[in-house]
Amino acid sequence: MKLYGVQAVVINSRQMRDADRVLTLYSREKGKIQAVAHGVSKPTSRKRGAVQPFCHSEFLLRRGRELDTVSQCEGRDIFPGLWSDLDRMGCAAQVCEPVDGLTVDREPNKAVFDLLLGTLRKLETVTEFELTVRGFELQLVALLGYRPQLDYCVNCGNGSLNPVAAFSAASGGLLCKSCAVGTDEVLCSGETAAIMRLLLDWDPVKMDRLRVSIRSRNEMRKVLREYLQWLTEKRSRSLHFLESISDYRTPD
Ligand SMILES: [Zn+2]
């Protein structure tokens, strides 16, 4: 059986039978991978530290028929600053979840890996961790080809979005006041749209200097929650469709 090495962040981990766990890794070399780590739930396991959620580790994996298995692993960053603070830990989970939900197994994207690892490192130290997560979410969807349209109304092209506009997840961008008639849209003021434009292109380190009102923070959280949810559901719908048509394909 073939062995291969990757560096990866543990983005999800679930208990299997006995002391085994199935890890979801986001690797630099191969994108998302599912791998079984045998015996890691035992307190004596030497691999235990390197397979914890959020951990950035070096893995030696063995190719399996269905799932690969962890042959060796060594932790590079175990992020004690995230584990010692519940708020930061919650932010780290919010960062890992959309990477899992929006990516496909074995489709590498180095920019996504760098963004994920860079954001986890920043979350250990920055004071403005809420905006760091929002910036991450925006940059992640942009890297995956879903950059939201925040400059003008996606329906009529109107560029004057003040004072109040809406965000439509299904349309992937802002709607002006006259076009926003649906019930599934989320309120998104001109101020919120302007901050989201900044976060799309800014280095998260600079976010400590940004002043953002509570109202805009709340709007942004709702806009991005809707958008991420919509994109995740869209991806699982298309996977489901591909699975359903694969039944009809004639074998080679
Ligand atoms: Zn419009």
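What's counted below: heavy atoms across the whole structure, side chains too, no hydrogens, waters or symmetry copies.
Here CG of Leu120 is found 11.5 Å from OG1 of Thr132. Values are rounded to the nearest 0.5 Å. With values rounded to the nearest 0.5 angstrom, Lys110 atom NZ is found 9.5 Å from Ser27 atom OG. Remark: Leu140 CG to Leu116 CG distance equals 8.5 Å, nearest 0.5 Å. Taken to the nearest 0.5 Å, the NZ atom of Lys2 stands 11.0 Å off from the CG atom of Asp68. Separating the CD atom in Glu219 from the CD1 atom in Ile195 is a distance of 9.5 Å, to the nearest 0.5 Å. In this structure, Leu102 CG and Leu144 CG are separated by 6.0 Å, a value rounded to the nearest 0.5 Å.
Residues that satisfy the side chain to side chain contact (heavy atoms under 4.5 Å, CB included) test with Ser171, not counting sequence neighbours, are Val154, Ser168. Under the side-chain hydrogen bond (donor to acceptor under 3.5 Å, both in side chains) criterion, Ser41 pairs with Gln15, sequence neighbours left out. Partners of Arg217 according to the side chain to side chain contact (heavy atoms under 4.5 Å, CB included) rule, which considers only residues two or more places apart in sequence or in another chain, are Glu128, Glu130, Leu131, Val212. Evaluation of the ring-ring contact (aromatic ring centres under 6.0 Å, His included) rule for Tyr26 yields no partner, not counting sequence neighbours. Contacts of Ser13 classified as side-chain hydrogen bond (donor to acceptor under 3.5 Å, both in side chains), with partners at least two apart in sequence or in another chain: Arg21. Judged as a side chain to side chain contact (heavy atoms under 4.5 Å, CB included), and not counting sequence neighbours, the contacts of Arg48 are Ser45. Under the side-chain hydrogen bond (donor to acceptor under 3.5 Å, both in side chains) criterion, Glu97 pairs with no residue, sequence neighbours left out. Take Asn218 and apply the side-chain hydrogen bond (donor to acceptor under 3.5 Å, both in side chains) test, not counting sequence neighbours, and it matches Arg221.
Residue pairs that meet the ring-ring contact (aromatic ring centres under 6.0 Å, His included) test with at least one member in residues 211-236, sequence neighbours left out, are Phe167-Tyr227. For the ring-ring contact (aromatic ring centres under 6.0 Å, His included) condition, the pairs that include at least one residue of residues 62-98, sequence neighbours left out, are Phe54-Trp83.
Taking both residues in full, the closest heavy atoms of Ser189 and Ser216 are given as OG-OG, 4.3 Å, listed atom of the first, atom of the second, then distance. Taking every heavy atom of both residues into account, Gln139 and Leu199 meet most closely at NE2-O, 2.9 Å. Between Gln94 and Val133 the shortest heavy-atom distance is OE1-CG1, 3.7 Å. Here the closest heavy-atom approach between residue Cys176 and residue Cys156 is recorded as SG-SG, 3.8 Å. In this structure, Val126 and Arg88 approach most closely via the heavy-atom pair O-NH1, 2.7 Å. Here the closest non-hydrogen pair linking Gly75 and Ser57 is CA-OG, 3.5 Å.
Counting heavy atoms from C-beta outward, Leu115 and Leu143 have side chains that approach closer than 4.5 Å. Residues Arg121 and His56 form a side-chain contact, since some pair of their non-hydrogen atoms from C-beta on lies under 4.5 Å apart. Side-chain atoms of Gln229 and Lys234, non-hydrogen and from C-beta on, never get closer than 4.5 Å to each other. Side-chain contact between Pro80 and Leu82 is absent, with no heavy-atom pair separated by less than 4.5 Å.
Linking Ile, Leu, Val, Met, Phe, Trp and Tyr residues whenever their side-chain heavy atoms come within less than 4.5 Å leaves Leu150 and Leu175 in two separate clusters. Residues Leu200 and Met196 fall within the same hydrophobic cluster, defined by Ile, Leu, Val, Met, Phe, Trp and Tyr side chains chained together at heavy-atom separations under 4.5 Å. Under a hydrophobic clustering in which Ile, Leu, Val, Met, Phe, Trp and Tyr are joined whenever their side-chain heavy atoms come within less than 4.5 Å, directly or via other members, Leu210 and Phe136 fall into the same cluster. Linking ILVMFWY residues whenever their side-chain heavy atoms come closer than 4.5 Å, directly or via other members, leaves Tyr152 and Leu138 in distinct clusters. Criterion: ILVMFWY side-chain heavy atoms under 4.5 Å apart, direct or through other members. Under it, Leu198 and Val223 are part of a common hydrophobic cluster.
Other members of the hydrophobic cluster containing Leu61, listed by chain and number, are Tyr4, Val6, Val10, Leu23, Leu25, Ile33, Val40, Val51, Phe59, Val70; membership follows side-chain contacts under 4.5 Å among ILVMFWY residues, whether direct or relayed. Chaining together hydrophobic side chains whose heavy atoms lie under 4.5 Å apart leaves Val181 on its own.
Judged by distance alone, with hydrogens and angles left aside, the side-chain atoms of Lys32 form a donor-acceptor pair with the main-chain N or O of Asp100 at under 3.5 Å. Under the 3.5 Å distance criterion, the side-chain polar atoms of Arg235 are matched with a main-chain donor or acceptor of Gly101. No side-chain donor-acceptor contact under 3.5 Å links Glu226 to the backbone of Glu185. Checked by atom type and distance alone, the side chain of Glu124 pairs as donor or acceptor with a backbone atom of Gly81 at under 3.5 Å.
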Assess whether side-chain contact (heavy atoms from CB on, under 4.5 Å) is satisfied between Asp77 and Cys55, documenting all intermediate values.
CA-CA 6 Å; Asp77 301 280; Cys55 229; over 6 Å; no
Are Gln149 and Leu174 close enough, and set up right, to give a side-chain contact (heavy atoms from CB on, under 4.5 Å), and what steps lead you there?
CA-CA 6 Å; Gln149 177 51 261; Leu174 293 176; over 6 Å; no
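Taking a cutoff of 4.0 Å between a charged side-chain nitrogen and a carboxylate oxygen, Glu58 and Arg76 qualify as a salt bridge.
A 6.0 Å sphere centred on CZ of Arg46 holds no more than 12 heavy atoms belonging to other residues, nucleotides or ligands.
Of the residues Thr69, Asp18, Asp20, the one that meets the side-chain hydrogen bond (donor to acceptor under 3.5 Å, both in side chains) test with His38 is Asp20. Of the residues listed (Leu117, Thr24, Val99, Val95), the one engaging Val9 in a side chain to side chain contact (heavy atoms under 4.5 Å, CB included) is Leu117, and it is the only one.
With no hydrogens or angles considered, a side-chain donor-acceptor pair links Glu191 and Ser213 at under 3.5 Å.
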